Asks: 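Quick one: the structure is below, and I'll ask about it shortly.
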Amino acid sequence: MKEKYIQIIGTVVTVLYGVFVLFLYAAEPRSIEDLTVKAKNTIETATTKGQVVIGTYTVDKALFDQGLSEFRAEKYVAARDSFERADPEKRDAKTQFYIAYSYYRQGWGRVTNDDELFKKGSETLARVRILDPDLRVDDPDLQIKTAADLQHEFEEGSKITVDDLNPLKVFRQRK
């Protein structure tokens with residue numbers, strides 16, 4: 001083998017070893033199992049970022065469907081988790097709309113609304129408007145189909161008005 005090839009191989013091995021040591025310092029694994037989990041997460045993140053850069057990023061259909069079934073079963077926290085794992089880069093307007101809608105459904109109350117959940121939903125909805133301002137979700141199970149209508153619900157639900165004192169408010173239906 002030529003001396004030049006040995007030097008190139010030695011340099012490559014040294015650089016790879018340096019990258020591995022830097023990864024260990026950055027990840028700070030506490031065990032071998034922790035190391036494999038962190039390495040897997042790092043590789044998945046790098047792969048997703050690469051897909052975004054080259055324009056091939058898509059939502060994980062299986063996780064989105066799982067989130068949708070949890071959403072319909074009124075398991076909103078689990079649904080949000082599935083939706084967020086399906087769209088880790090937060091680049092799909094429809095997925096982000098469902099996340100915002102899950103905040104609405106979980107925060108809606110017959111007497112009072114959860115302002116913190118409504119605020120988080122409104123923040124997620126702002127991302128939807130940036131991604132697709134004209135988004136219209138064609139889900140027959142949803143009463144609110146557009147980001148503007150959902151934002152209106154968030155705003156109305158966060159306001160304190162005289163209507164909040166109406167005892168008949170307990171008979172209203174959630175959208």
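These numbers were taken from a predicted model, which means no experiment stands behind them. Atoms considered below: every heavy atom in the structure, side chains included; atoms not considered: hydrogens, waters and symmetry mates.
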Asks: So which of Glu74, Lys75, Arg80 actually passes side chain to side chain donor-acceptor pair (under 3.5 Å) with Ser102?
Replies: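 Testing each of Glu74, Lys75, Arg80 against Ser102, the sole residue satisfying side chain to side chain donor-acceptor pair (under 3.5 Å) is Arg80.
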
Asks: Angle between ring planes, Phe64 versus Phe83, binned at 30° and 60°: parallel, tilted or perpendicular?
Replies: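 Geometry flag for Phe83 against Phe64: tilted rings.
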
Asks: Do Val137 and Leu150 land in one hydrophobic cluster if side-chain heavy atoms of ILVMFWY residues count as linked below 4.5 Å?
Replies: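 Cluster IDs for Val137 and Leu150 match.
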
Asks: Determine whether a donor-acceptor pair (N or O, by modelled atom type, separation under 3.5 Å) exists between the side chain of Asp132 and the backbone of Ala93.
Replies: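 Absent.
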
Asks: Before accepting this row, confirm whether a basic side-chain N of the pair Asp65/Lys61 lies closer than 4.0 Å to the acidic partner's carboxylate O.
Replies: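 Here Asp65 pairs with Lys61 in a salt bridge, since their nearest N and O are under 4.0 Å apart.
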
Asks: Measuring from Thr95:OG1 to Lys90:NZ, what's the distance to the nearest 0.5 Å?
Replies: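 Between Thr95 OG1 and Lys90 NZ, I get 11.0 Å after rounding to 0.5 Å.
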
Asks: Indicate yes or no: does Lys119 engage Asp115 in a salt bridge with an N to O separation below 4.0 Å.
Replies: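 Looking at Asp115 together with Lys119, the answer is no, because their closest N to O distance does not fall below 4.0 Å.
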
Asks: From Leu16 CG over to Thr11 OG1, what is the distance, rounded to the nearest 0.5 angstrom?
Replies: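 Here the interatomic distance stands at 11.0 Å.
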
Asks: Salt bridge or not between Arg72 and Asp139? Use side-chain N to carboxylate O under 4.0 Å.
Replies: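 Yes.
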
Asks: Looking only at non-hydrogen atoms, find the nearest pair between Asp92 and Asp87 and report the distance.
Replies: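 Closest approach of Asp92 to Asp87, heavy atoms only: N-OD2, 3.0 Å.
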
Asks: Looking at every non-hydrogen atom in both residues, tell me the closest pair between Leu63 and Ser82 and how far apart they are.
Replies: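 Looks like O-CB, 3.7 Å.
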
Asks: Provide the closest heavy-atom pair for Ala147 versus Arg129 in the form atom of the first, atom of the second, distance.
Replies: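 For Ala147 and Arg129, the tightest heavy-atom pair comes out as O-NH2, 3.9 Å.
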
Asks: Is it true that Val13 and Ile6 fall in one hydrophobic cluster, defined by side-chain heavy atoms closer than 4.5 Å?
Replies: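 Hydrophobic grouping puts Val13 with Ile6.
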
Asks: If you look at every heavy atom in Leu142 and Arg105, which pair is closest and at what distance?
Replies: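 That closest heavy-atom pairing would be CD2-NH2, 3.9 Å.
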
Asks: Under 30°, 30 to 60°, or over 60°: which ring-plane class applies to Phe97 and Tyr101, parallel, tilted or perpendicular?
Replies: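 Correct class here is perpendicular.
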
Asks: With a 6.0 Å cut-off on the ring centroids, do Phe118 and Tyr103 count as close?
Replies: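 Aromatic pair excluded; centres sit 6.0 Å or further apart.
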
Asks: Find out if a path of hydrophobic residues (ILVMFWY) with successive side-chain heavy-atom gaps under 4.5 Å connects Phe71 to Val59.
Replies: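 Per the 4.5 Å side-chain linkage, Phe71 and Val59 are co-clustered.
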
Asks: For Arg136 and Thr146, which heavy atoms make the closest approach, and how far apart are they?
Replies: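 Reported closest heavy-atom pair: NH1-CG2, 3.2 Å.
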
Asks: State the CG-CD distance between Asp81 and Glu84, to the nearest 0.5 angstrom.
Replies: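 These two atoms lie 6.5 Å from each other.
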
Asks: Can a donor-acceptor pair be found between the side chains of Gln106 and Asp114 at a distance below 3.5 Å?
Replies: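 No.
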
Asks: Between Ile144 and Glu153, what is the shortest heavy-atom contact and its length?
Replies: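 Smallest heavy-atom distance, with atoms named: CD1-CG, 3.5 Å.
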
Asks: To the closest 0.5 Å, what do you measure between CG (Leu68) and CG (Asp141)?
Replies: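 Separation between the atoms: 8.0 Å.
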
